[in-house]
A.B. asks: 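Take this structure first; my questions come after.
All residue numbers in this chain count up from 1 along the given sequence.
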Amino acid sequence: MAELFHGFQMFFQSTFPLLQIQLADVVDIAILSFIVYKLLWMLGKTSSGRVMWGLLLLMAAMALSSFFKLTATSFLLDKLVIQGIVVLVVLFQPEIRRFLERMGSGRLGLVFTSAKEAGEELETAIDQTVEAYGDLSRDKVGALMVFERQDLLDDEVKTGTALDCGVSSELLKNIFWNKAPLHDGAVIVRKGRIVGAGCMLPLSGNVNLSRDLGMRHRAGIGMSEHCDAVVAIVSEETGSISVAVGGMLKRHLAPETLERLLRNELLNDKEEEKKSGQLPLLGLLTGGRKEEDDGL
């Protein structure tokens, strides 16, 4: 009888394997899933995320070469992976260091924080920027601001003076005053807060740019070519306002048009991020934000 019951139990478990899952298994899977999701989320916000997709393609190539028994190709790929471990540590060094710093300082819980406050600060930052740019444009005071989106700009922040303060019209006008020590560089805004001032940006390599464009415009276009940031510029010569997105420049904007562009580019991203929050992993795998063509 005992043997019959044991046999029935084994048959039942083999037929319905999900019934073997215990609470510890569920917790284990949840923790692992969360770690994988956060790694994808962090990598997706930096240029290193492109390296991750390259690694996935490399792993797919290894699987295919092993399946089709391509001996030479499999040997080469295996050696490449073994030697590439050190290279990966170097490539992902900023992300690894940032993760360890958060863990050591007890800031790891920031991953659970809500984006509501950041969204409100970003809206305030846009209003204050538009107000400041209206005055700077009238007085012909040059300005260069970078609004960070998905791609982190830690390397650019390091070239200037690190700050941590809210965006206000008076502060921006003081920073960009032509006798201020930080007026020549760019102000970088992250989640509605200024994280750097006097920062150096890469110049555009586009040889077809108009000769009327000065260094601020070329730096703004170059920054938008290297990442998904939105760059707002005030010309010191003419006082005209411009916005650079995706390597394209929209010039001679009124303050009202600047406000509309910044809200479309920055606040719409927040709305899409909230919507994709229901399926965050799916959003990452499908490339996140939809690219919009605003004619810039």
Side-chain angles (χ1 to χ4, degrees), residues 44-51 94-95 122 125-126 128-130 132-133 136-137 141-163 167 172 175-176 180 182-238 240-253 257-259 261-270 288-289 291-296:
K45 295 184 67 176
T46 66
S47 58
S48 301
R50 302 185 185 97
V51 179
E95 286 77 16
L122 183 56
I126 292 174
Q128 293 296 311
T129 299
V130 172
Y133 267 43
L136 294 171
S137 175
V141 177
L144 181 60
M145 288 184 67
V146 181
F147 290 87
E148 180 187 87
R149 291 201 278 188
Q150 295 298 319
D151 296 336
L152 292 179
L153 305 178
D154 289 343
D155 292 338
E156 285 73 19
V157 172
K158 292 176 183 177
T159 64
T161 301
L163 300 174
V167 179
L172 292 177
I175 290 177
F176 292 121
L182 300 177
H183 79 280
D184 274 337
V187 166
I188 297 180
V189 178
R190 173 181 297 165
K191 295 182 179 179
R193 296 185 63 81
I194 297 176
V195 294
C199 302
M200 298 296 102
L201 306 181
L203 297 179
S204 173
N206 188 351
V207 297
N208 297 320
L209 293 178
S210 172
R211 294 184 179 180
D212 297 336
L213 299 179
M215 298 299 290
R216 280 191 180 87
H217 291 84
R218 294 178 183 273
I221 296 172
M223 188 75 260
S224 68
E225 290 173 346
H226 286 79
C227 65
D228 64 349
V230 178
V231 186
I233 310 158
V234 175
S235 171
E236 189 171 358
E237 288 76 17
T238 65
S240 66
I241 301 174
S242 306
V243 171
V245 181
M248 303 298 290
L249 184 70
K250 190 170 185 64
R251 305 176 64 185
H252 308 299
L253 304 177
T257 309
L258 171 65
E259 181 179 10
L261 279 173
L262 292 179
R263 286 181 175 275
N264 287 340
E265 292 291 338
L266 301 174
L267 295 182
N268 283 353
D269 280 352
K270 286 295 178 183
R289 181 180 69 88
E291 295 294 335
E292 296 181 359
D293 184 7
D294 291 324
L296 295 180

A.B. asks: What closest approach, in Å, do Ser224 and Ala229 show between heavy atoms, and which atom pair accounts for it?
C.D. replies: CB-O, 4.2 Å

A.B. asks: Got a donor-acceptor contact below 3.5 angstrom from the Tyr133 side chain to the Gln128 backbone?
C.D. replies: no

A.B. asks: In Å and rounded to the nearest 0.5 Å, what is the CE to CD1 distance from Met145 to Ile194?
C.D. replies: 6.0 Å

A.B. asks: Applying the side-chain contact (heavy atoms from CB on, under 4.5 Å) criterion to Arg251, which one of Val243, Leu213, Thr238, Ile241 satisfies it?
C.D. replies: Leu213

A.B. asks: With a 3.5 Å distance limit and no angle check, can you tell me whether Thr159 reaches the backbone of Met200 through a side-chain donor-acceptor pair?
C.D. replies: yes

A.B. asks: Leu182 vs Phe176, test: side-chain contact (heavy atoms from CB on, under 4.5 Å). Steps then yes/no.
C.D. replies: CA-CA 7 Å; Leu182 300 177; Phe176 292 121; over 6 Å; no

A.B. asks: Less than 4.0 Å between a side-chain N and a carboxylate O, is that true for Arg149 and Glu265?
C.D. replies: yes

A.B. asks: May I ask you to test the Phe147-Arg190 pair for a side-chain heavy-atom distance under 4.5 Å?
C.D. replies: no

A.B. asks: Below 4.5 Å, heavy atoms only, C-beta onward: do His252 and Ser242 meet side chain to side chain?
C.D. replies: no

A.B. asks: Hey, does Met223 have a side-chain heavy atom less than 4.5 Å from the side chain of Leu153?
C.D. replies: yes

A.B. asks: Considering all heavy atoms of both residues, which atom of Leu262 and which atom of Val130 are nearest to each other, and what is their separation?
C.D. replies: CD1-CG2, 4.5 Å

A.B. asks: Please examine the side chains of Leu122 and Lys191, heavy atoms only from C-beta on, and report whether any two atoms are closer than 4.5 Å.
C.D. replies: no

A.B. asks: Quick check: do Leu209 and Ser204 have side-chain heavy atoms less than 4.5 Å from each other?
C.D. replies: yes

A.B. asks: Can you check whether Lys158 reaches Asp155 side chain to side chain, under 4.5 Å on heavy atoms?
C.D. replies: yes

A.B. asks: So which heavy atom on Gly220 is nearest to which on Ile233, and how close?
C.D. replies: CA-CD1, 4.1 Å

A.B. asks: Which atom names give the shortest non-hydrogen contact between Val157 and Gly196, and what distance separates them?
C.D. replies: CG1-CA, 4.4 Å

A.B. asks: Report the C-alpha distance between His183 and Ile175 in whole Å, list the side-chain angles of each, state the deciding distance to 0.1 Å, and finish with yes or no for side-chain contact (heavy atoms from CB on, under 4.5 Å).
C.D. replies: CA-CA 6 Å; His183 79 280; Ile175 290 177; 6.0 Å; no

A.B. asks: To the closest 0.5 Å, what do you measure between NE2 (His226) and CG (Leu203)?
C.D. replies: 9.5 Å

A.B. asks: When rounded to the nearest 0.5 angstrom, what distance separates CZ in Arg216 from CD in Glu237?
C.D. replies: 7.5 Å

A.B. asks: To the nearest 0.5 Å, how far apart are OG1 in Thr129 and CG in Leu172?
C.D. replies: 5.5 Å

A.B. asks: Contact between Val189 and Val195 at the side-chain level, heavy atoms closer than 4.5 Å - yes or no?
C.D. replies: no

A.B. asks: Rounded to the nearest 0.5 Å, what separation is found between the OG atom of Ser235 and the CG atom of Asp212?
C.D. replies: 9.5 Å

A.B. asks: Apply side-chain contact (heavy atoms from CB on, under 4.5 Å) to the pair Val146 and Leu201, showing each step before the final yes or no.
C.D. replies: CA-CA 10 Å; Val146 181; Leu201 306 181; 3.7 Å; yes

A.B. asks: Could you measure the distance from the CG atom of Leu249 to the OG atom of Ser210? Nearest 0.5 Å is fine.
C.D. replies: 9.5 Å

A.B. asks: Could you tell me which non-hydrogen atom of Ile221 sits nearest to which non-hydrogen atom of Gly247, and how far apart they are?
C.D. replies: CG2-O, 3.6 Å

A.B. asks: With heavy-atom distances below 4.5 Å as the criterion, would you say the side chains of Val141 and Glu236 are in contact?
C.D. replies: no

A.B. asks: Report the C-alpha distance between Val230 and Leu266 in whole Å, list the side-chain angles of each, state the deciding distance to 0.1 Å, and finish with yes or no for side-chain contact (heavy atoms from CB on, under 4.5 Å).
C.D. replies: CA-CA 8 Å; Val230 178; Leu266 301 174; 4.0 Å; yes

A.B. asks: Are the side chain of Asp151 and the backbone N or O of Cys227 linked by a donor-acceptor pair below 3.5 Å?
C.D. replies: no

